[in-house]
Number of protein chains: 2
Amino acid sequence: MDVTMKDVAKLAGVSLSTVSRVLNDSSLVREETARKVQKAVDKLDYQINDSARILRTNTSNLIGVIGAGMERPFLANLLKGIEAEARERGYALIYGDSDGEFEKEQNYLNIMKQKKIDGIILITTNYYNDLLSIVKNYQIPVVFASGYINDPQISCVTVDNVAAAYDMVEFLCKAGHKDLAFIKGPDLDLLASQERLRGVKLALRLSEIRYEPRRFIEGDFTFESGYSAAKKIMSKFPDVTAIFAFNDEMAVGAISYLREQNIKVPEDISVVGFDGIELGEYIDPALTTIKQSGYQLGLKSIEILNNIINQEKIEDNKVFIPHELVVRESTNRLA
Amino acid sequence: MDVTMKDVAKLAGVSLSTVSRVLNDSSLVREETARKVQKAVDKLDYQINDSARILRTNTSNLIGVIGAGMERPFLANLLKGIEAEARERGYALIYGDSDGEFEKEQNYLNIMKQKKIDGIILITTNYYNDLLSIVKNYQIPVVFASGYINDPQISCVTVDNVAAAYDMVEFLCKAGHKDLAFIKGPDLDLLASQERLRGVKLALRLSEIRYEPRRFIEGDFTFESGYSAAKKIMSKFPDVTAIFAFNDEMAVGAISYLREQNIKVPEDISVVGFDGIELGEYIDPALTTIKQSGYQLGLKSIEILNNIINQEKIEDNKVFIPHELVVRESTNRLA
DNA sequence: GAAATTCATGAAATGGTTTTCAGGCTTTTA
DNA sequence: TAAAAGCCTGAAAACCATTTCATGAATTTC
């Protein structure tokens, strides 16, 4: 049915081996022969059978991506970056969403292994420890994107969540805020949310503010959860002067609740987010946040994964992408 | 290196054929034999070599997805729906972003063909005509998601853009708005934006409002473009009473510009969007919009593609998912 | 001008599965 | 009890590319 190398060989009047050599531009073939072959390829519109190639070579030029909650703007941009850089480097992407469930993660891992992926990007955060042991066992090159893994063997690229969260709290404290509340991520999220928590604690200590776990309301990174977290915060701590949400969507959700209650942001309460998604520039009030680039993170992840795959020298296992505190309208200095 | 069917066969003391039959649960194998084989499979942790299977069977359980601008919330949810339903039905996804460039689309089409995908979902809108002829030529089952294709052979699933845009304009007119301006999508986007434009024209005619092309400013579905489109609109048509942006992000961008100019929404100008992304509920003012579910659209697309792949009877080539006008705070009745 | 290299090519083995075909064994039927 | 039918299994071909090894031709070297 399909045209195969055999057909090309016949038309060009050469052997299979020669066609293969031309297609993989081996240097060992006379220019004239190569031209002849190329002509046949063009004429027949020959397309390689990838499965046959993979079967023989055991390399697929395929990168697996397993993520969760990828519809979130930050992660959607991360995926975009991954795709762009992967394509640039000649990889195709096979993409699976785990919904944050270990079983699905495992499942995709198996499927991807069966497809002989060259490497894998993990953007899933809940069960990374279990995943890790599987991946190590499979011996597949792996990069964790957007999460810090405390394992010297594992590469990861992420914003420095500790430092960034620290910066934000420091900024709030310097602006005179002492009565803070937080909307953290899911407790299951051991990579991003826990790290940000660490940064917060650090900054609190240096600002001599007591760390009160009660003041950390759990959200799940959605608008909705920010909204209801703000509600809880206001009922428990009506005197709060600043709310730090661990991502921008939750901050927007919180602001929305406060507006509903006729509480002015930032006059009555300052609200800040994390990620720096585009949306934050367009809402009212524009959101003060920590800006990081998901797209850049994606590019970098593939770059590193590619290095691992090609067994190139790697300078550093843990890569931090830049972050920046951007102060907009949702924060106020206290008198 | 890897464990193959041969190893399983040897351990189980049967032939390759039998192992294969067990794995594909052919009925022609004695239960006892099957158990023996299964035990060997488990013991060796055998994983099939997918490339070999694809090579032999010419079917991959792989679905290709080519999209553009997938970081937009609506499309990110569409992708999520596609992934969920594909997984449910035993497909894996190979995903490529075309950036709206024909060359990249072509390129991915080739790659995917080489990988023997079982079917393809196209979410790319600019060059669908050229794509179409390629896809037809390749004889790959295809579904266009989020765009209406006027070709009886081609399946597509989308919101009824004409009707929805019509509804929105009708709503505005009935609220007393006559002085309208529009932020449309890229002129290259022949699927969504042009269809919405048709709906608008239809409604204008019925409301006896003159269709003035000047009043349609081109955007590209980003916040930013909505912002600058609003700027253009206000300078050209300062008396406008309502702005209809062809997606929510542009509406939010427009609102942001108006706020900057101290123009009150909805008191001075009503602004409406399209898509009904979650964000619209949380901004100030909450956005009046046409709500459709990207996620549902994704599910449905895979469902239909699956039918085509399995050559099942298809009731209808063109499927419309529901839409709903949701009126929130960004619109006003004129006196 | 003969021997030694280098160069260009082809034949054949290989990768791991599915599937057809044939054959042996057991069970049913007359 | 012999013939027919049905069931289960194995051998081998097929899918399509890559790669090793061998070979013949062309070039270099002494």
Side-chain angles (χ1 to χ4, degrees), chain A residues 1-41 44-62 90 110-118, chain B residues 1-41 44-62 90 110-118:
Chain A
M1 191 75 212
D2 279 337
V3 23
T4 78
M5 258 174 67
K6 207 166 162 185
D7 304 316
V8 175
K10 192 186 288 175
L11 180 61
V14 298
S15 74
L16 276 183
S17 341
T18 302
V19 177
S20 175
R21 278 191 273 258
V22 172
L23 260 32
N24 298 293
D25 50 31
S26 154
S27 44
L28 304 142
V29 49
R30 207 152 40 121
E31 200 175 327
E32 193 197 324
T33 319
R35 257 203 312 276
K36 237 175 16 186
V37 170
Q38 193 54 56
K39 208 145 125 194
V41 166
L44 297 175
D45 189 25
Y46 167 74
Q47 302 264 16
I48 198 175
N49 183 319
D50 216 35
S51 318
R53 212 212 66 230
I54 298 173
L55 176 59
R56 189 66 235 267
T57 62
N58 231 13
T59 113
S60 61
N61 299 321
L62 216 46
N110 275 338
I111 291 175
M112 290 174 178
K113 193 194 177 195
Q114 294 168 357
K115 296 199 181 296
K116 297 272 182 274
I117 52 168
D118 290 347
Chain B
M1 194 73 216
D2 278 337
V3 22
T4 77
M5 258 173 66
K6 209 165 162 184
D7 304 315
V8 175
K10 193 186 288 175
L11 180 61
V14 298
S15 73
L16 275 184
S17 341
T18 302
V19 176
S20 173
R21 278 191 274 257
V22 172
L23 260 33
N24 298 294
D25 51 29
S26 153
S27 43
L28 306 143
V29 48
R30 209 156 35 124
E31 201 175 324
E32 195 196 322
T33 319
R35 258 202 313 275
K36 240 176 10 187
V37 171
Q38 194 54 57
K39 208 143 121 196
V41 166
L44 297 176
D45 190 24
Y46 166 76
Q47 302 264 18
I48 199 175
N49 183 319
D50 217 36
S51 318
R53 213 212 64 229
I54 299 173
L55 175 59
R56 187 62 234 262
T57 63
N58 230 15
T59 114
S60 61
N61 299 320
L62 217 46
N110 275 338
I111 291 175
M112 290 175 177
K113 193 192 178 197
Q114 294 169 356
K115 296 200 181 297
K116 297 273 183 270
I117 51 168
D118 291 346

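Naming: A, B, ... by sequence-line order, numbering from 1 per chain.
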Subject >> Residue from B:Q114, B:K116, B:K115 passing side-chain hydrogen bond (donor to acceptor under 3.5 Å, both in side chains) with A:D50 >> reply: B:K115

Could you check whether any side-chain heavy atom of [X] comes within less than 4.5 Å of a side-chain heavy atom of [Y], counting everything from C-beta outward?
X     : Y     : result
A:L23 : A:I48 : no
B:T4  : B:N49 : no
A:S20 : A:L16 : no
B:V3  : B:Q47 : no

Please report, rounded to the nearest Å, how far the [atom2] atom of [N] is from the [atom1] atom of [X].
X      : N      : atom1 : atom2 : result
A:N58  : C:dT14 : CG    : P     : 16 Å
B:D7   : C:dG15 : CG    : P     : 12 Å
A:K115 : C:dG16 : NZ    : C1'   : 15 Å
B:M5   : C:dT19 : CE    : C1'   : 11 Å
A:N49  : D:dA14 : CG    : P     : 17 Å
B:L55  : D:dA17 : CG    : P     : 9 Å
B:R53  : D:dC15 : CZ    : P     : 17 Å
B:I54  : D:dC16 : CD1   : P     : 14 Å

Using a heavy-atom cut-off of under 4.0 Å over every strand shown, decide if [X] touches base, sugar-phosphate, or nothing.
X     : value
A:D50 : nothing
B:S20 : base
B:L23 : nothing

**OP:** Check for a donor-acceptor pair, side chain of B:R35 on one end and backbone N or O of B:R30 on the other, with a separation under 3.5 Å.
**Re:** no

Original post:
For A:Y46 and D:dA17, is the shortest distance between a side-chain N/O and OP1 or OP2 below 4.0 Å?
Top reply: yes

Subject >> salt bridge (charged side-chain N to carboxylate O under 4.0 Å, His left out) evaluation trace for B:E32 with B:K36 >> reply: CA-CA 6 Å; B:E32 195 196 322; B:K36 240 176 10 187; 5.5 Å; no

Original post:
What string of B, S and - do you get for nucleotides 6-13 of chain D 5' to 3' if you count protein non-hydrogen atoms under 4.0 Å?
Top reply: --SBBBBB

